[in-house]
Every structure is written in structure tokens, then in C-alpha cells.
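Let me begin by presenting the structure, written as C-alpha cells, before commenting on it.
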2 protein chains.
Amino acid sequence: METFEVPEVVVLRLPLYVRALTQLLADEMEVVSSQQLGNRLQMTPAQIRKDLSYFGRFGKQGRGYNVHFLLAELRQILGLDREWCACLIGVGRLGRAIINYPGFTPQAFNVVAAFDNDPDQVGQAFGRLTVQPMSELPETIAARDIRIGIVAVPASHAQTVIDALVQNNVQGILNYAPIAPQVPMGIVMRNIDPVLSLQSMTFYLQQMD
Amino acid sequence: METFEVPEVVVLRLPLYVRALTQLLADEMEVVSSQQLGNRLQMTPAQIRKDLSYFGRFGKQGRGYNVHFLLAELRQILGLDREWCACLIGVGRLGRAIINYPGFTPQAFNVVAAFDNDPDQVGQAFGRLTVQPMSELPETIAARDIRIGIVAVPASHAQTVIDALVQNNVQGILNYAPIAPQVPMGIVMRNIDPVLSLQSMTFYLQQMD
DNA sequence: AAATGTGAAATCATTCACAGCA
DNA sequence: TGCTGTGAATGATTTCACATTT
């Protein structure tokens, strides 16, 4: 019943539970059933119970789950009870939007450094950060215990940047460039690509005609 | 062998093939095997062949797939051989980054209108667009044949905006707000949420300690 | 000789259904 | 009574393996 082999799909859903529970907590709801949670998230109660059962027994029969308790447990399971330092590569329009995105910090993620190869950008200040040249990547990653890299460079440069991050022991990469990155086993990749989302959407839209 | 019931996971992968083939075409490669494509995309050749087989027979035994031909077929299957008009709701930092994002237009998506409820924003010009008040949503959607809505408003307003889009016959929604949207059946939702991606990443990162 | 297309097999994920507990 | 936790059943997806074609 412990972390032996949790399916990845399950891990991908845990943050959804964290978010829903956070809202419920803000609404001062004390207890929630898998049924209620399922309504909010548009999923079946059975799936929620099964997912949670991979990690332990968090509920009370006949009653449901204590919101505060379950949230704390899930945050701990996901490692959200500590702060994760990330660096950003690429301070173009997208990169600057990421620096200023207010959603990371309250969620255990802290972008502590920004890099760019463009000499015009280096030295510029955005938010709390001053843009550093790529040559400072190794020392900064080591010094600030950076485990996550956020890639916001053009597609043509993305694989090179990803290679550099991997070389410097970054373990997780959030990639915004529209490429299919090649990384060694053990590196955790997440891709953000709105165009892919739209392109699969239209398959269904055209059937409505 | 025709569009009878194609699994959604398959549809979600087609855009990956489109992108890889587009690159191969740019590299002037004429023929590609499922093996080679699989290497690029880090997936098995069998999966690629099976996916494609839901839509027809595009390859030549002993040889592989003609890049140009397969790309054209896939683009047609996904409805990317036409232009799709979208509107943006919310022209804060994120919304402005979306307006200026150069990746949509070359891929059959055209953001033709931008809305915001903030009176200070209405009338402002961003790129080719002038921000309109939400009250103009219905007429603009109808007049410009907008089928897709892109939601870039704060979480607190997102469900209201989504409801308005649905009310006005938008069929697909690309949602950047960190919520679990409620939409009627038949509406195609895609969510972009980097925080969720990071929160599932850390589950694996903490195991490396 | 090489690679597709595809039934069949294997694996993986979801849902069911109910014993057990508050 | 109401809801959890979970094996068992079902359903979906991936992979295998090979006949077939160029």
C-alpha cells in the first residue's frame, strides 16, 4: 500500500486534487467525500478513491476526507511542503511573462535566476531578477541548488539549452519550446505547447460542421 | 479503417506527428519509416503505425511513408488545412503574451478579437487587435465565425467567461486559468497549466534525493 | 531486404460492487 | 445510513509478431 509502483497517470492527477482541496479549504469546508470532489473535477468517485489508495488510507468511512489533513498529506507526497528553485532560460516575451507569472511562488516554486544569450538582455533587470549570460549557468545552478529548468527560448535553440541544463544536473525541465526534446532517462520533462492542444481540438471541431 | 471510433489518445498524438513531419519536410527528407519517426518522438514504431492505421493506409511496405503526402493527410484529418478564428479573453500580462505569440498564425489559428472587462484596457491596441468590451462578445463571435475561445483571465473570473463563450456557441476552449472548468458535453476543452506540470514533476524529483 | 498494416496477446487503467467501519 | 478502501471485472491502450507488399 506504499509507494511501490504508482502509475504515472495517478501522479499527474494528484495536483488536481491539491488544487480542489485548496479551494475547499479556503471555503472553510472541513470534510469532503470522493463524490463531492468528483463533481468538482468531473471525475468518478471510484477513481479518486483508487488514486488515493496508492498512498495510504486518508478517509473515514461514512464520513469522507478531512480537507485539511488530506491536503497536507498530498502536498507532502508531491514534495510541495518545501521550496523548489528553478531557473529560466530565455527572457523574450514568453520568458518575461513567466518571470512575472504570479502563480509559481505561492505553489512552492521559486524562479531564482534568469539566463539569456543575447548580450542586449544580459544585465537587464526583470522583476527581482537580473539576466545572466549562459556562461554563468553551471556556477549558479550549483550555488543556488537549482533542480528545475524552465526553457523559453526559440525552438531552434531549445535542445541545446536542454542539453546544457542536463549537463549541469538539473533534474526536471519545463519546456515551452515547440519541439520533442531528447533527454536521458531519469530527467523529468514536461512540455507546454498550446499549439498542440489546439491542433487536437480542431479534429473534433470539424466534425461539428 | 475509417473514422469510426478513434481513441482520444490517438488524436492527441497526431499533432506530434504533424510537427515532426513538418521538420522532416523542411530538412528535405522525402521518405520516413515508423522507426525513424519513433526515434525522433521517443515512441515505438508500432504505436505510430497503429495510430495511423485508424485513418487509412499511408505507407509503402519496404519503404516507409512519403513525408509530404503523410503530412498533407494528417493536416487534413486534423482540420489544419483551413483557418480557425479564435478570440482571446483577458489582456493582462498573459493575454498580451498570447496575442504576440508568433506560433499560432502559421499553424492555422488566427486570434481575431480580444476582450477585457477592465475599462482601462478597452480601446487599447495590442498588435493588430483593439481590445473590446465583453458586451461585444456575442456579435463579434457571430460576425467573425469564431469557433475557439482562449481564456486568459484570473481564476476568479474564468468560469464566468467560459460560460459566456459556451453561451455564444464557441465550441473549443483553450483555458489558461488554474481552475477545473465545467462545460457541457460536446465542448472541447484544453487546459494549459504549468503549475500542475511542475507539481507532478516534484513527485519524481524528491525521490532522487 | 525492408518496412507496412493488423489481428492477437499483453499490459495498463478505470469502474464496479461490496465488505467493513464510523 | 453513508462512505471508504479494495479485490475482481471490465475496458482501453500498447506491444508483439508476422503475413504481405514493394
Side-chain angles (χ1 to χ4, degrees), chain A residues 1-17 20-21 24 29-74 77 200 203-204, chain B residues 1-17 20-21 24 29-74 77 180 200 203:
Chain A
M1 240 140 300
E2 256 311 304
T3 309
F4 209 65
E5 202 45 79
V6 183
E8 180 165 24
V9 275
V10 173
V11 175
L12 291 172
R13 281 193 294 263
L14 297 186
L16 295 171
Y17 303 151
L21 289 165
L24 292 173
M29 198 171 199
E30 287 189 8
V31 175
V32 70
S33 67
S34 57
Q35 178 69 249
Q36 295 170 305
L37 209 45
N39 288 152
R40 288 224 169 200
L41 294 171
Q42 315 250 66
M43 44 201 293
T44 66
Q47 180 162 74
I48 293 172
R49 295 201 302 277
K50 176 66 96 176
D51 282 358
L52 297 178
S53 78
Y54 283 101
F55 302 96
R57 303 150 63 105
F58 306 110
K60 285 220 192 337
Q61 283 157 325
R63 198 147 155 63
Y65 301 89
N66 177 286
V67 173
H68 177 82
F69 173 70
L70 180 56
L71 179 56
E73 290 288 312
L74 288 179
I77 289 164
S200 66
F203 175 80
Y204 297 102
Chain B
M1 236 139 303
E2 255 311 302
T3 309
F4 209 65
E5 202 44 82
V6 183
E8 180 166 26
V9 274
V10 173
V11 175
L12 291 172
R13 280 193 294 263
L14 296 186
L16 295 171
Y17 304 151
L21 290 164
L24 292 173
M29 199 172 196
E30 287 189 7
V31 175
V32 69
S33 67
S34 58
Q35 178 69 249
Q36 296 170 305
L37 210 45
N39 288 151
R40 287 224 170 201
L41 295 171
Q42 315 250 65
M43 46 200 294
T44 66
Q47 181 163 71
I48 293 172
R49 294 201 303 276
K50 176 66 100 177
D51 282 357
L52 297 178
S53 77
Y54 283 101
F55 301 96
R57 304 151 62 105
F58 305 111
K60 284 220 189 341
Q61 283 157 325
R63 203 151 149 62
Y65 302 89
N66 178 286
V67 173
H68 177 81
F69 173 69
L70 180 56
L71 179 56
E73 290 288 311
L74 289 179
I77 289 164
S200 65
F203 174 79

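A, B, ... follow the sequence lines: proteins, then strands. Residue 1 opens every chain. Values below: every heavy atom of this structure, side chains too, minus hydrogens, waters and symmetry copies. The shown structure was predicted, so the numbers you read here are calculated from the model rather than taken from an experiment.
In this view, B:E73 satisfies the side chain to side chain donor-acceptor pair (under 3.5 Å) rule with no residue, not counting sequence neighbours. Partners of A:N39 under the side-chain contact (heavy atoms from CB on, under 4.5 Å) rule, at least two apart in sequence or in another chain, are A:Q35. Every residue two or more places apart in sequence or in another chain that forms a side-chain contact (heavy atoms from CB on, under 4.5 Å) with B:V31 is listed here: B:R63. Applying the side-chain contact (heavy atoms from CB on, under 4.5 Å) criterion to A:E8, with sequence neighbours excluded, gives A:L12, A:R190, B:Y204. Listed by chain and residue number, A:D27 satisfy the salt bridge (Lys or Arg N to Asp or Glu O under 4.0 Å) test with A:R40 (two or more places apart in sequence, or in another chain). Under the side chain to side chain donor-acceptor pair (under 3.5 Å) criterion, A:Q36 pairs with A:S33, sequence neighbours left out. Residues forming a side chain to side chain donor-acceptor pair (under 3.5 Å) with B:Y17 (at least two apart in sequence, or on another chain): B:D51.
When every heavy atom of B:A180 is checked against every heavy atom of A:L41, the shortest pair comes out as CB-CD2, 3.8 Å.
The distance from atom CD of A:E8 to atom C1' of D:dT14 is 15 Å, rounded to the nearest whole Å. The nearest whole Å value for the distance from the NZ atom in A:K50 to the P atom in D:dT4 is 15 Å. Taking atom CD on A:E5 and atom P on C:dC12, their separation rounds to 10 Å, with Å as the unit. Across the protein-nucleic acid pair, B:R13 atom CZ and D:dA12 atom C1' stand 12 Å apart, rounded to whole Å. Rounded to whole angstrom, the span from the CD1 atom of A:I48 across to the C1' atom of D:dT6 amounts to 16 Å. The separation between A:F55 atom CZ and D:dT6 atom P is 13 Å, rounded to whole Å. As rounded to whole Å, 16 Å separates atom C1' of C:dT4 from atom OH of B:Y54.
Contacts between residues 33-47 of chain A and DNA chain D, defined by a heavy-atom separation under 4.0 Å, are made by A:S33, A:S34.
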Can you pull every protein N or O that's under 3.5 Å from an N or O on nucleotides 18-22 of chain C?
unit_1 : atom_1 : unit_2 : atom_2 : d
C:dG20 : N2     : A:Q61  : NE2    : 3.1
C:dG20 : N3     : A:Q61  : NE2    : 3.4
C:dC21 : O4'    : A:Q61  : OE1    : 2.7
C:dA22 : O4'    : A:Q61  : O      : 3.3

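Take the nearest nucleotide of DNA chain C for A:V9 and for B:F58: the residue whose nucleotide is more 5' is B:F58.
In this structure, B:Y65 reaches the C:dG5 phosphate: one of its side-chain N or O atoms is under 4.0 Å from OP1 or OP2.
By the 6.0 Å contact criterion, CD on B:Q42 is enclosed, its count of non-hydrogen atoms from other residues, nucleotides or ligands being greater than 12.
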